[in-house]
S.K.: 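I'd like to ask you about the structure that follows.
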Amino acid sequence: MTTYGDMVTLLLVFFVLLYSFSIMDQGKFQGFVTSFRQRVGILDGGMTMSENNLIDGGLIGDGIAPSIMNLNLILREMSMYIEGEGIEDQVELILTERGLVVRLTGRILFDLGKAELLDDGKKLLDKIAELLVDIPNVIMIEGHTDNWPISNERFPSNWELSTSRATNVVRYFIENTDIPPERLMAAGYAEYRPLYPNDTAENRAKNRRVEIVILNTTHSGRGDY
């Protein structure tokens, strides 16, 4: 009888546990869902401004994206500005694992084959700087060209042209905005990172671009990004 009683008691405990698992506390569950959605930046309507890989990368690692919402805010405000100015065909915003890429076609910043900033380009850079000055993220400026060869006294090749365009954007930020210089970097890639095949005039125009990448990384003060 003792053995039988122990078995009945264990069965009773087992079924009580099964019953308790089958009952969900809706209030606690909803609270968990709300907390989780706020953590990853999902809006009430179920849409998110962030890609999953960006969120995943931003939640781990030392010095990696302390606030993904910074990038979301810049994305949202830049989108409104671009739409208001009617320059959707010249500026593109892309969230990637690296961070937020502000892709500017060459014609809004520079004349063909030149590296001097145009007035419309300066106006756009001023707006971008307003959004970037108060966040700690490192900013990478990348210059790209098409595959048409260039060879003159100032630009012996597309390497010099793309690099000069990137550094001129950096210089403009340093001399005309309050973005700390230690948060800025520049690189030129010539024609070697095209978005499209350089087989049409339209594609070559799209490949001539400057990309301002708000990196998913903050300035550490050590120079190791």
S.K.: Which distance, rounded to the nearest 0.5 Å, do you find between the OG1 of T163 and the CD of E142?
M.R.: 11.0 Å
S.K.: If every non-hydrogen atom of H144 is compared with every non-hydrogen atom of S162, which pair is closest and at what distance?
M.R.: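 So the two residues come closest at N-CB, 4.1 Å.
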S.K.: Is N158 reaching over with its side chain to a backbone N or O of W148, donor-acceptor style, under 3.5 angstrom?
M.R.: yes
S.K.: Is the backbone N or O of L195 less than 3.5 Å from a side-chain atom of N207, with the two atoms forming a donor-acceptor pair by type?
M.R.: yes
S.K.: Could you state the interatomic distance from NZ (K114) to CG (N152), rounded to the nearest 0.5 Å?
M.R.: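 These two atoms lie 10.5 Å from each other.
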S.K.: Which heavy atom of V170 sits nearest to which heavy atom of A186, and what is that distance?
M.R.: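 V170 and A186 have their closest heavy atoms at CG2-CB, 3.7 Å.
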S.K.: Would you compute the distance between atom CD of E202 and atom OH of Y196 and round it to the nearest 0.5 angstrom?
M.R.: 9.0 Å
S.K.: Looking at residues at least two apart in the chain, or sitting in another chain, which of them share a side-chain hydrogen bond (donor to acceptor under 3.5 Å, both in side chains) with Q90?
M.R.: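 Q90: no side-chain hydrogen bond (donor to acceptor under 3.5 Å, both in side chains) contacts found.
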S.K.: Where is the tightest heavy-atom contact between L100 and L71, given as atom of each residue plus distance?
M.R.: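 So the two residues come closest at CD2-O, 3.9 Å.
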S.K.: I'd like to check M78 versus L132 (side-chain heavy atoms, cut-off strictly below 4.5 Å). Are they in contact?
M.R.: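 In short, these two side chains do not touch, never coming nearer than 4.5 Å.
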S.K.: Would you say that R204 contacts N147 through its side chain, given a criterion of any heavy-atom pair below 4.5 Å between the two side chains?
M.R.: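 Yes, their side chains come closer than 4.5 Å.
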S.K.: So, for V133 and I179, which heavy atoms are closest and what is the spacing to 0.1 Å?
M.R.: CG2-N, 4.0 Å
S.K.: State, with a plain yes or no, whether a side-chain heavy atom of Y81 is found less than 4.5 Å away from one of V91.
M.R.: no
S.K.: Check the surroundings of atom CZ in R193: do more than 12 heavy atoms from other residues, nucleotides or ligands lie under 6.0 Å from it?
M.R.: no
S.K.: Is there a path of hydrophobic side-chain contacts, each under 4.5 Å between heavy atoms of I, L, V, M, F, W or Y residues, that connects L109 with I141?
M.R.: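 Yes, because L109 and I141 connect within a single hydrophobic cluster, where side-chain heavy atoms sit under 4.5 Å apart.
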S.K.: How far does CD of E92 sit from OG1 of T105, to the nearest 0.5 angstrom?
M.R.: 10.0 Å
S.K.: With no hydrogens and no angle check, just 3.5 Å: does a side-chain donor-acceptor pair link S157 and E160?
M.R.: yes
S.K.: Mind checking whether E211 and I94 have side chains closer than 4.5 Å, heavy atoms only?
M.R.: no
S.K.: Rounded to the nearest 0.5 Å, how far does CD of E182 lie from CD1 of I139?
M.R.: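 Result: 10.5 Å between the selected atoms.
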S.K.: Which hydrophobic side chains are connected to M80, either touching it within the sub-4.5 Å cutoff or through other members that do?
M.R.: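 Noted: M80 shares its cluster with no other residue.
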S.K.: Flag yes if V169 and F155 sit in one hydrophobic cluster, no otherwise; membership is Ile, Leu, Val, Met, Phe, Trp, Tyr, and two members link when side-chain heavy atoms are under 4.5 Å apart.
M.R.: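 Result: no, two separate clusters.
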S.K.: Got T96 and V213 here, is their nearest side-chain heavy-atom distance under 4.5 Å?
M.R.: no
S.K.: What heavy-atom pair brings N168 and L117 nearest, and what distance separates the two atoms?
M.R.: O-CD1, 3.8 Å
S.K.: List in chain and number order the residues that pass side-chain hydrogen bond (donor to acceptor under 3.5 Å, both in side chains) with R165, two or more places apart in sequence or in another chain; answer none if no residue qualifies.
M.R.: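 Listed in chain order: nothing, the list is empty.
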S.K.: Hey, are the side chains of L104 and I212 touching, using non-hydrogen atoms and a 4.5 Å cut-off?
M.R.: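 Answer yes - side chains close enough.
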S.K.: Is E85 salt-bridged to K127, going by a charged N under 4.0 Å from an acidic O?
M.R.: no
S.K.: Identify the heavy atoms of F173 and A129 that sit nearest to each other, and give their distance.
M.R.: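 Closest pair (atom of F173, atom of A129, distance): CE2-CB, 3.9 Å.
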S.K.: Quick one: name the residues clustered hydrophobically with Y192, using the 4.5 Å side-chain heavy-atom rule over I, L, V, M, F, W, Y, and just say none if it's on its own.
M.R.: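 Listed partners: W159.
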S.K.: Just jot down the side-chain hydrogen bond (donor to acceptor under 3.5 Å, both in side chains) partners of Y189, sequence neighbours excluded, or say none.
M.R.: none
S.K.: Can you tell me how far CD1 of I108 sits from CZ of R209, rounded to the nearest 0.5 angstrom?
M.R.: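 With rounding to 0.5 Å, CZ (R209) is 15.5 Å from CD1 (I108).
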S.K.: For residues S79 and L93, determine if any side-chain heavy atom of one lies less than 4.5 Å from a side-chain heavy atom of the other.
M.R.: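 S79 reaches L93 side chain to side chain.
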S.K.: Can you tell me if R183 uses its side chain to pair, donor with acceptor, with the backbone of N137 under 3.5 Å?
M.R.: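 Indeed, once roles are kept as given, a pair shorter than 3.5 Å links the two residues.
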S.K.: Can you sort out the partners of D199 under side-chain hydrogen bond (donor to acceptor under 3.5 Å, both in side chains), two or more places apart, ordered by chain and number?
M.R.: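 Partners of D199 by the side-chain hydrogen bond (donor to acceptor under 3.5 Å, both in side chains) criterion, ordered by chain and then number, come out as N203.
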S.K.: Compare all side-chain heavy atoms of L124 with those of I87 and state whether any distance is below 4.5 angstrom.
M.R.: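 Touching, per the 4.5 Å side-chain cut-off.
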